[in-house]
Amino acid sequence: MPELPEVETVRRAIAPLLVGRTVRGVYTGPPSYFFLTPPAELAARLVGRTITDLGRHGKYLIARLDDGSAVLLHLGMTGQLFTAGAESPRLRTRDRAAAGPDPHVHLELDLGEGAPRVRFRDVRKLGKVKWIPPGAREPRLARLGPDALELDDERFARAVGRRRGAIKSVLLDQSALAGVGNLYADEALFLARIRPTRRASALRPRERAALAAAVREVLARGLSAGGASLDDWVAPDGSDGGYQHARLVYGRERQPCPACQAPLTRTVIGGRSATWCRRCQR
DNA sequence: CTCGCCCTGGCC
DNA sequence: GGCCAGGGCGAG
């Protein structure tokens with residue numbers, strides 16, 4: 001599940017391969033839910049363009065092009081951006097044995113001779129790619145709250161302070177705070193010892209500050225581990241991240257709490273699963 | 001704010 | 001053979 005640390009890991013690895021390069025060719029899979037801009041149009045828009053920057057806001061990557069347009073990328077649940085030099089990450093044995101190209105690669109960029117090709121693979125197609133015309137305001141970006149890596153207490157108070165929903169749901173709401181997903185939300189709430197069901201607006205200033213610090217801390221841990229490889233996520237060179245081994249509570253239902261050894265609980269909050277410690281989190 | 005939907009592999 | 005995961009979005 002690519003969240004901010006995974007997307008930032010991808011950005012750092014891919015940016016040097018893209019920035020300053022000119023797109024020589026674009027290969028796409030068939031039109032699908034994945035393409036917010038139809039593949040034929042996307043290809044026509046990209047060929048001949050030079051990539052000037054690869055930015056990130058929350059879980060979105062934004063490639064800027066030399067004509068002022070941009071390409072928005074989202075990895076969804078199972079998206080993988082990787083270099084063609086790396087063996088197709090997490091390729092199932094069955095797919096590898098099948099003849100022909102990997103059916104889950106929806107987009108491939110030829111960046112000229114000597115440059116590795118960059119591929120976007122996504123088994124479930126919950127990822128997204130969209131071309132943004134020069135000067136256009138992109139509603140998906142405009143909706144986002146402040147990036148969670150640039151979180152300070154004041155910004156966090158503004159993002160969370162008046163929300164009446166469960167704090168867990170607010171952490172996941174990208175319009176409040178951009179970049180935190182289910183894994184890092186559970187981790188941060190555990191570190192801050194806050195119950196995921198607490199009403200966000202009812203948090204005391206001390207608790208809010210502790211949670212903001214915990215969000216920063218778990219994102220930093222995830223980033224320095226090179227992301228978490230649960231499900232399909234891999235770094236662009238095909239290697240696994242390390243945070244899945246270091247995680248505290250996420251996906252550890254019934255396992256002992258790292259702090260008090262009581263079994264961790266899993267509940268559903270706002271339609272999303274939450275794993276937490278009934279004893280430590282108040 | 002909550003719900004259902006998009007998608008597909010994996011697991012009961 | 002059916003259900004679930006889950007990010008994000010549109011509908012209610």
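- Nucleic acid contact for A:Ser169: none, since no nucleic acid atom lies under 4.0 Å from a heavy atom of the residue.
- The residues A:Asp186 and A:Lys168 are annotated as salt-bridged, a charged nitrogen and a carboxylate oxygen being separated by less than 4.0 angstrom.
- Annotation: of the two residues near DNA chain B, A:Gly271 and A:Arg124, the 5′-most nearest-nucleotide partner is A:Gly271.
- Legend: salt bridge (charged side-chain N to carboxylate O under 4.0 Å, His left out) pairs involving residues 264-275 of chain A, not counting sequence neighbours: none detected.
- Side-chain N/O atoms of A:Tyr33 and base N/O atoms of B:dC7 include no donor-acceptor pair closer than 3.5 Å.
- The CZ atom of A:Arg272 sits 13 Å away from the P atom of B:dG4 (whole-angstrom rounding).
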Table please: side-chain donor-acceptor pairs of residues 22-36 of chain A below 3.5 Å, with sequence neighbours left out.
from: A:Thr22; atom 1: OG1; to: A:Thr50; atom 2: OG1; distance (Å): 2.7
from: A:Ser32; atom 1: OG; to: A:Phe34; atom 2: N; distance (Å): 3.1

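- Phosphate contact (OP1/OP2 of B:dT8, side-chain N/O of A:His104, threshold under 4.0 Å): absent.
- A:Phe35 comes within contact range of no nucleotide atom at all, as no heavy-atom separation falls under 4.0 Å.
- Contact annotation for A:Lys128: no contact, since no heavy-atom pair falls under 4.0 Å across all strands.
- Read 5' to 3', the first and last nucleotides of DNA chain C with an atom closer than 4.0 Å to a heavy atom of chain A are C:dA5 to C:dC9.
- Helix-axis bend for the helix from B:dC1-C:dG12 to B:dC12-C:dG1: the local axis fitted to the five terminal pairs at one end deviates from that at the other end by 60°, rounded to 10°.
- For the pair A:Leu172 CG and B:dT2 C1', the computed distance is 14 Å after rounding to whole Å.
- Partner A:Arg119 forms a side chain to side chain contact (heavy atoms under 4.5 Å, CB included) with one of A:Thr83, A:Asp102, A:Val105, A:Leu109 and no other, that one being A:Val105.
- As judged by a 4.0 angstrom heavy-atom cut-off over every strand, A:Arg266 is placed among residues touching the sugar-phosphate backbone only.
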Under 3.5 Å donor-acceptor pairs involving side-chain atoms of residues 255-262 of chain A, not counting sequence neighbours:
from: A:Gln255; atom 1: OE1; to: A:Arg252; atom 2: NH1; distance (Å): 3.3

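- Between the side chains of A:Arg121 and A:Gln80, a donor-acceptor pair is found at a separation under 3.5 Å.
- Pairs passing the ring-ring contact (aromatic ring centres under 6.0 Å, His included) check and including a residue from residues 175-199 of chain A, sequence neighbours excluded, read A:Tyr184-A:Tyr243.
- A donor and an acceptor atom, one from each side chain of A:Asp66 and A:Thr52, are nowhere located under 3.5 Å apart.
- Taking atom CZ of A:Arg163 as the reference point, atom C1' of B:dT2 lies 14 Å away to the nearest angstrom.
- A:Arg204 places no side-chain N or O within donor-acceptor distance of the main-chain N or O of A:Glu207, the cut-off being under 3.5 Å.
- Position along DNA chain C of the nearest nucleotide to A:Arg140 versus A:Thr78 favours A:Thr78 as the more 5'-ward residue.
- For A:Met77 and B:dG10, the CE to P distance is 13 Å, given to the nearest whole Å.
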